[in-house]
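One structure below.
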Amino acid sequence: MGNHSTVSTFLLWGFSSFSDLQDLLFVMVFFSHVTILAANTSVMVAVKLSHNLHTPMYFFLCGLSFSETCTTVVVIPRMLVDLLSDSKSISIPECATQMFFFFGLGTNNCFILAAMSYDRYTAINNPLHYSILMTPKICFQLMMASCVTGVVVSLCIVLIVFSLSFCDSSIIQHFFCDITPVVSLACDYTIFQKMVLLAFTVFVLVGSFILIMISYVFIGSIVMKMPSAKGRYKAFSTCSSHLTVVCIHYGFAGFVYLRPKNSDSFREDMLMAVTYTVLTPLLNPIVYSLRNKEMQTALKKVLDNICRFSP
């Protein structure tokens, strides 16, 4: 973990330049976090309790909700503490741990979305054999493959980043331990290491996005051959929620991690990362509940049960 490091702790500078807005930011982020936890937990409980939602699509949705909830837990509580704290210090092991879980869970999210697109393709292409092709065992294997990919990719990223020597400034221009703000503090960061980290980022974001697009190209070709307009509408409507989530997820993530970086872009990236870490996990359950009658019915039952047992 960086035996040559002369820096033992970092400072998460984050929103320190917005000193007048920190109380307002705390309130906004706190209530957003509570809403994220409540919304995603409601989705998971609804899927668990509603037998008609025990299908591959909702299995993956449940996994995505759990993974995104964990992603926010890795970042937001620490952000809230730093908004009220004067020190804002974080040790190198803590920083490495946060980075490992954030990118592990983020990678997991990307490949769960890819698995969901494959599930939609299978449902539309082979509706009669869908239950045979997408068995619980296969769904579990796809979910585990996403998790393992996340762990391996994140571990590689963390080992590369924290093998560097941090001997200059200790101030991270971000509210969590993101790759670019951390490596910018290293004094032995080479172009080779930069290219390797970029390759991992491209593998996760572009690789999973290509898998999603391949599924949708096949879906599109199948749907366009359907004779009835009603059939085409029904097929597209089963994919609309997933496509909306994909656009939100990859739009923000691609802007933050795939565009060229310089020292002036940290502030922009930080503000966009707030949207990525707060807004995306909040919108996903809303999108699926607003555009899905089965989920609306299941969530209504959950809320009715809560109201019945509450004093």
Side-chain angles (χ1 to χ4, degrees), residues 1-2 5-42 44 65-109 150-151 154-155 157-158 161-162 164 166 168-186 252-253 256-257 265-285:
M1 292 287 292
S5 299
T6 56
V7 173
S8 59
T9 59
F10 293 127
L11 293 177
L12 289 170
W13 197 243
F15 299 105
S16 297
S17 54
F18 305 100
S19 56
D20 296 337
L21 298 175
Q22 291 202 31
D23 291 340
L24 177 62
L25 284 169
F26 176 87
V27 173
M28 291 174 62
V29 173
F30 175 78
F31 282 107
S32 297
H33 187 47
V34 171
T35 307
I36 289 168
L37 295 177
N40 283 286
T41 302
S42 297
M44 290 185 279
S65 293
F66 178 75
S67 183
E68 290 204 320
T69 301
C70 292
T71 305
T72 61
V73 169
V74 168
V75 174
I76 295 181
R78 172 79 206 201
M79 187 202 308
L80 292 171
V81 170
D82 286 340
L83 282 169
L84 298 180
S85 171
D86 292 327
S87 67
K88 307 182 192 303
S89 63
I90 184 170
S91 68
I92 288 181
E94 288 174 328
C95 189
T97 302
Q98 187 186 56
M99 185 181 290
F100 171 77
F101 281 107
F102 180 80
F103 285 102
L105 291 163
T107 301
N108 185 42
N109 295 343
V151 169
S154 186
L155 183 61
I157 288 172
V158 168
V161 171
F162 290 93
L164 299 170
F166 301 101
D168 295 327
S169 172
S170 62
I171 298 175
I172 298 174
Q173 299 289 342
H174 214 303
F175 58 85
F176 74 97
C177 291
D178 205 354
I179 296 174
T180 303
V182 173
V183 297
S184 68
L185 305 180
F252 290 130
V256 173
Y257 294 107
S265 68
F266 288 165
R267 189 186 182 95
E268 240 176 60
D269 286 348
M270 184 180 70
L271 294 174
M272 188 58 68
V274 174
T275 308
Y276 179 67
T277 54
V278 176
L279 187 62
T280 304
L282 182 60
L283 286 178
N284 289 355

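Treat the numbers as computed from the prediction; the structure is a model and nothing was measured.
Here Gln173 contributes atom CD and Thr180 contributes atom OG1; the two are 13.0 Å apart, rounded to the nearest 0.5 Å. Between the CD atom of Gln22 and the OG atom of Ser85 there is a distance of 9.5 Å, given to the nearest 0.5 Å. Interatomic distance, Ser170 OG to Leu12 CG, rounded to the nearest 0.5 Å: 10.5 Å.
The shortest heavy-atom contact between Val158 and Ala96 is CG2-O, 3.9 Å. Looking at every heavy atom in both residues, Gln98 comes nearest to Ile90 through OE1-CD1, 4.4 Å. Closest approach of Ala273 to His174, counting heavy atoms only: CB-CE1, 3.6 Å. Closest non-hydrogen pair, Pro285 versus Ala39, comes out as CG-CB, 3.7 Å. The shortest heavy-atom contact between Ser67 and Leu105 is OG-O, 3.4 Å. Among all heavy-atom pairs drawn from Ile36 and Thr277, the shortest one is CD1-O, 4.4 Å.
At most 12 heavy atoms of other shown residues, nucleotides or ligands fall within 6.0 angstrom of atom CZ in Phe66. More than 12 heavy atoms of other residues, nucleotides or ligands sit less than 6.0 Å from atom CZ of Phe100.
Judged by distance alone, the side chain of Asn40 and the main-chain N or O of Pro281 form a donor-acceptor pair under 3.5 Å. Panel note: side chain Lys88, backbone Asp82; a donor-acceptor pair is recorded below 3.5 Å. Checking side-chain atoms of Thr72 against main-chain N and O of Thr69 turns up a donor-acceptor pair under 3.5 Å.
The aromatic rings of Phe30 and Phe26 sit parallel, their planes meeting at an angle under 30°, below the 60° perpendicular limit. Ring geometry for Tyr257 against Tyr276 counts as perpendicular: the plane angle is over 60°, on a 0 to 90° scale with 30° as the lower cut. Relative ring orientation between Phe176 and Phe102 is described as tilted, the plane-to-plane angle lying within the 30° to 60° band.
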task = Report the C-alpha distance between Val278 and Leu282 in whole Å, list the side-chain angles of each, state the deciding distance to 0.1 Å, and finish with yes or no for side-chain contact (heavy atoms from CB on, under 4.5 Å).
result = CA-CA 6 Å; Val278 176; Leu282 182 60; 5.5 Å; no

key: His33 and Val73: CA distance, side-chain angles, deciding distance, side-chain contact (heavy atoms from CB on, under 4.5 Å) verdict   = CA-CA 8 Å; His33 187 47; Val73 169; 4.3 Å; yes

ask   = Could you go step by step and tell me if Phe175 and Leu83 meet the side-chain contact (heavy atoms from CB on, under 4.5 Å) rule?
value = CA-CA 9 Å; Phe175 58 85; Leu83 282 169; over 6 Å; no

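Contact annotation: the side chain of Thr280 approaches that of Asn284 to within less than 4.5 Å [non-hydrogen atoms, C-beta and beyond]. At least one side-chain heavy atom of Ile172 sits under 4.5 Å from a side-chain heavy atom of Cys177. In this structure, Asp178 and Phe103 have side chains that are in contact, with non-hydrogen atoms separated by less than 4.5 Å.
The side-chain contact (heavy atoms from CB on, under 4.5 Å) with Val29 is formed by just one residue from the set Ile76, Val34, Leu24; it is Ile76.
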